[in-house]
A.B. asks: 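Below you will find the structure I want to go over with you.
Atoms within each ligand, like the ligands themselves, are counted from 1 in listed order.
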Amino acid sequence: MNKLETLEHYFGHSSFRPLQEEVVDAILEKQDVLMILPTGGGKSLCYQLPTLLMEGITVVVSPLLALMHDQVVALKANGISAAMLSSMQNLEESQEIEAQLRAGEIKLLYVAPERLTNAYFLNLLHQLPINFFVIDEAHCVSEWGHEFRENYRRLSLLKEQFATTPIAAFTATATKAVEQDIAANLGLQNPKRVRGSLFRENLTINARHRIKDGRVQLMEFLKLYTNESGIIYTLSRKSTEAIAHFLQTKGIEARAYHAGLPTEEKNATYADFVADRVQVVVATIAFGMGIDKSNIRFVVHMTMPKTLENFYQEIGRAGRDGLEAETLLLFSAQDIVQQKMFIEDLPESPYKEHAFNKLDSMVRFANSENCRHQSIAAYFDDRIEACVKLCDNCTAPQSEKVDITTAARMLLSTILRTGQNFGLHYVIDVLKGSKEQRVLQNEHDKLSVYGIGEEYSKSQWLTIGDKLLERGAVEIGEFKVYKLTAFGVEVIKGAHKIDLKKERLTVQKAAAKKKVTYFDDYDVEVYDKLRDLRTQIATANNIPPYIVFSDKTLKDLSAKQPQSKEEMLDVHGIGEVKFERYGEAFLGVLQKS
Ligand code: ADP
């Protein structure tokens, strides 16, 4: 078989995506490779396909067991022999895999990086015909990156011990500095460098200032996604549970996921989410790395992530099937304070120094009024045109500004007059003339500022407080006490004007948006029948539904409604192997429809 036949036969695709073929060719020519391509761009195919055309075994280093496991399952479903060696296998299973490797029965072997420091394993590798090594999530090699892993650093031993075996390294996120670092640390020799555009043309990106706890905004957003899969990220374990509970009370099938939960519960949630039994997972970042669920339609951040790399990776989990997906970032100035505290607590290291700069970039991005896609691309040293219609900044009409200087001065005066000893909520209570006992006890009802803030609601005052934090008019001290900065003092004196986007003072109603149909004339009824069949097959085989067929394949099937094998092979994602496994069953349903 040649390249294209292999592509069709094993993967069911009729053509390569831009850049894939370049990488495949470089690997076939035994060149080192460094590929940077966004999530969903199709990196795995770039190494899974060439090994099928080469003698020998490909060793894939990957940081996460769940990720490896999913890849192995997906490969086997496509009729490709793959295995993984990790702490998940017991001795007997490992021995079995070793025997298969020696017998030449495995094409792709997935391992965690620490395995490569194991003398027994290295010795085994030396006895096997390794055609090339793959380093997945290669940014973990770099201290400049956002996810440095100590045991990735040791991968330099590959070139020391296997000098003539090529290495192909892949990552979704790397600035030019990180790219250099990867190449240097792995000792790549004159590698073929392939950098894809980071533009995700099926992703709509939105960022908004959070109003109070953001739940009203969240519900507005979720209205557009009834019964669709999504991930909601929050910062703390406690808030994952609180929000999951809140969503359940609204009738949404939601679950919390964080590192503190028992393993069985986490696994069950993961499996239920992948199998579409749970609609929404509310998670800390512990969830999602390496998740291979292709039909995630939305990702929401309830607070600001600490870096743009994290943000880009997390939103990247949406829409891997290429269909439209949407993301929403809710943030407030308080998030920034919190993230800074986290960084302060890190042990001294070069990583810590970078962390502050990375946070600043994230903050600039959130507050920016530029095209979101363009801003992300620029951060990764990529220049693209403005998206025009795929982010809030490009689609929003020039937002109207309101002058809040007077309100700002009121708030700042109240902070000053209460002695710069209180948190924002308390200050607002005073402004709004609260009869809270604490206010009365402190005799703050006697101040001239007491009750002058009736004009705005509490949540509007919180927003004004946020704006002052963003502008650097206040800072937060110990115990969340608000204090004025020198700039804040100038604002009180009337030396500066403070503007606010008008929309920030009102909860945004989501624009009446029609549901998207992905294929013009796909038949919903047929689609539902096919989906039922997919669920049955998946359950019977104990595999996730998307391994049988992706949503995109189902939609294409219900649009084209093939009636024969030939017609079916024309459908997105169906090759010979998939047809052999599931083709007849689906044809059965289609012929009856
Ligand atoms: P990455 O590893 O870059 O995140 P994947 O390898 O998971 O991306 O691929 C993302 C999706 O793109 C998968 O659903 C895959 O089937 C699809 N895909 C990859 N290559 C092609 C291709 N040449 N034609 C059509 N779809 C493709």
A.B. asks: Would you say K293 and D276 make side-chain contact, with heavy atoms under 4.5 Å?
C.D. replies: yes

A.B. asks: Using a 4.0 Å heavy-atom cut-off, which part of Q20 comes near ligand 1: side chain, backbone, both, or neither?
C.D. replies: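 Within the 4.0 Å criterion, Q20 contacts ligand 1 through side-chain atoms alone.
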
A.B. asks: Can you tell which of K555, R297, H572 makes a side-chain hydrogen bond (donor to acceptor under 3.5 Å, both in side chains) with D321?
C.D. replies: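 That would be R297; it is the only one of K555, R297, H572 passing the side-chain hydrogen bond (donor to acceptor under 3.5 Å, both in side chains) with D321.
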
A.B. asks: So how far is it from S14 OG to D570 CG, rounded to the nearest 0.5 Å?
C.D. replies: 7.5 Å

A.B. asks: Would you call G41 a ligand 1 contact, heavy-atom distance under 4.0 Å?
C.D. replies: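 A heavy atom of G41 does come that close to ligand 1.
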
A.B. asks: Within less than 4.0 angstrom of ligand 1, does C46 place any heavy atom?
C.D. replies: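 Judged by the 4.0 Å heavy-atom criterion, C46 does not count as contacting ligand 1.
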
A.B. asks: Which of the numbered atoms in ligand 1 are under 4.0 angstrom from any heavy atom belonging to F16?
C.D. replies: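 Within the 4.0 Å cut-off of F16, ligand 1 contributes 23 (N).
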
A.B. asks: Checking contacts here: is it the side chain or the backbone of H13 that comes within 4.0 Å of ligand 1, counting heavy atoms only? Could be both or neither.
C.D. replies: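 The part of H13 near ligand 1 is the side chain, not the backbone.
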
A.B. asks: Only heavy atoms of P38, strictly under 4.0 Å: list the atoms of ligand 1 that pass.
C.D. replies: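 By the 4.0 Å cutoff, the relevant atoms are 3 (O).
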
A.B. asks: Which of these, R320, E137, Q48, has its nearest heavy atom closest to atom 4 (O) of ligand 1?
C.D. replies: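 When every heavy atom of R320, E137, Q48 is considered, R320 comes closest to atom 4 (O) of ligand 1.
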
A.B. asks: With heavy atoms under 4.0 Å as the rule, classify the contact between S15 and ligand 1 as side chain, backbone, both or neither.
C.D. replies: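 Within the 4.0 Å criterion, S15 contacts ligand 1 through backbone atoms alone.
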
A.B. asks: Please say which of K192, K3, R193 ends up in a salt bridge (charged side-chain N to carboxylate O under 4.0 Å, His left out) with E22.
C.D. replies: K192

A.B. asks: Could you grab the distance from atom CD1 of I315 to atom CG of L328, nearest 0.5 Å is fine?
C.D. replies: 11.0 Å

A.B. asks: With the threshold set at under 4.0 angstrom, would you say S14 reaches ligand 1 through any of its heavy atoms?
C.D. replies: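 Heavy atoms of S14 never come under 4.0 Å of ligand 1.
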
A.B. asks: Whether K107 and E55 form a salt bridge (side-chain N of Lys/Arg under 4.0 Å from carboxylate O of Asp/Glu) is what I want to check.
C.D. replies: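 Salt bridge: no.
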
A.B. asks: Under a 4.0 angstrom heavy-atom cut-off, which atoms of ligand 1 come close to S44?
C.D. replies: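 Counting from 1, the qualifying ligand atoms are 2 (O), 5 (P), 6 (O), 7 (O).
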
A.B. asks: Scan residues 173-193 for pairs that pass ring-ring contact (aromatic ring centres under 6.0 Å, His included), counting only residues two or more places apart or in two chains.
C.D. replies: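 Found none.
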
